[in-house]
Amino acid sequence: MQLGDIITTRIDEVVKWGRKFSLWPMPFGTACCAIEFMGVVSSHFDISRFGAELVRFSPRQADLLLVMGTVNYKQAPILKRIYEQMCEPKWVISMGACASSGGFYDNYSVVQGIDEIIPVDVYVPGCPPRPEQLLDAVIKLQQKLQGIKEEN
Amino acid sequence: MQLALNRLKETFGDSILETHSCLGNETAVVEKEKIVEVIRFLRDTQGLEFNFMMDLAGADYPERSERFEVIYHLYSLSTKKRVRIKVRVPEANPVVPSITSLYKAANWFEREAFDMYGIRFDGHPNLKRILTFDEFEGYPLRKDYPVNKRPKIPTPDPLIKV
Ligand code: SF4
């Protein structure tokens, strides 16, 4: 046995490390932002570089809920139920102005931010956000999973 | 050009309250009791043949004594002409006869006008909200609907019927 053959760590550190590179996103795409997500998964931006390319269309099989687009009041209970159907642990990224705050739809029909219904881990500004911004959000979430505090 | 309006005036006389025609846009305001007959006449009369109901919408004019208006846009696929028919209803009794018996396409349009303005369509087979949800209070496109009013998030999942 040589030096470097063994490393010691804590089990939860290994679990965190594993989790952060194997996020399985569930896209809840309701509007234009979801189109931008297609760019994020495709080869040019390639979200699989960050281990989050396994897009699942069943909330039972996903641990990262990506809410991309305008969510109206009629849809709110559906979004809530999909969140509840996901197994713990689970995280939420709110992509775009609409999902984060209602955006310019300041009216009777649109929920003024999905955090009125479900908890959100990372908000992404923009209308729509650039693909890099969503990648940045994934990286921020990974840092959060590893327990790294943001420095600024 | 004014063929449709003239035919309407000949046939319905005083039930046609107003007409105007500008650059080929022909509009007639008719009594609401006569709306089904008028639309049927426009659809079935040879030479008019307005066989395509393009649009049906509500409108709110709070300053008028007859506050709401229902607007019908008809198009003739054979003569390529359009005509616009309007009926006016007061706030106290906003009821208009449904034209779903003439055009099935009117079904969802009338539901939309009901949902947004609270105009009721007499004889509609399924007059319930179409864009908002059942528990929604008020009619959001009325001019006096408060701009900042937000509905309560509906609690029961609309996908699951108990
Ligand atoms: S934030 Fe902009 S791009 Fe995204 S869903 Fe809303 S309107 Fe569309």
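A, B, ... follow the sequence lines: proteins, then strands. Residue 1 opens every chain.
Between A/Lys74 and B/Ile130, the shortest heavy-atom contact is NZ-O, 3.1 Å. For the residue pair B/Pro154 and A/Pro77, the shortest heavy atom distance occurs at O-CG, 3.2 Å.
From B/Met116, atom CE reaches atom OH of A/Tyr108 across 4.0 Å, with rounding to the nearest 0.5 Å.
More than 12 heavy-atom neighbours from other residues, nucleotides or ligands sit within 6.0 angstrom of CD on A/Glu132. Crowding of B/Asp14 atom CG: a count of heavy atoms from other residues, nucleotides or ligands under 6.0 Å not exceeding 12. Residue-environment remark: NZ (A/Lys80) stays at or below the threshold of 12 foreign heavy atoms within 6.0 Å. Within 6.0 Å of the CZ atom in A/Arg49, the count of heavy atoms belonging to other residues, nucleotides or ligands exceeds 12.
Taking non-hydrogen atoms and a 4.5 Å limit, the residue list of residues 55-65 of chain B in contact with chain A is empty. Residues of residues 140-151 of chain B lying within less than 4.5 angstrom of chain A, judged on heavy atoms, are B/Pro140, B/Leu141, B/Tyr145, B/Lys149, B/Arg150, B/Pro151 in numerical order.
Of the two parts of A/Asp106, the backbone and the side chain both hold a non-hydrogen atom closer than 4.5 Å to a non-hydrogen atom of chain B.
Placement of A/Ile93 and A/Ile82 in two distinct hydrophobic clusters is found when ILVMFWY residues are connected by side-chain heavy-atom separations under 4.5 Å, directly or transitively.
With chain B as partner, the option from A/Gln112, A/Gln75, A/Glu116 having the largest number of non-hydrogen pairs under 4.5 angstrom is A/Gln112.
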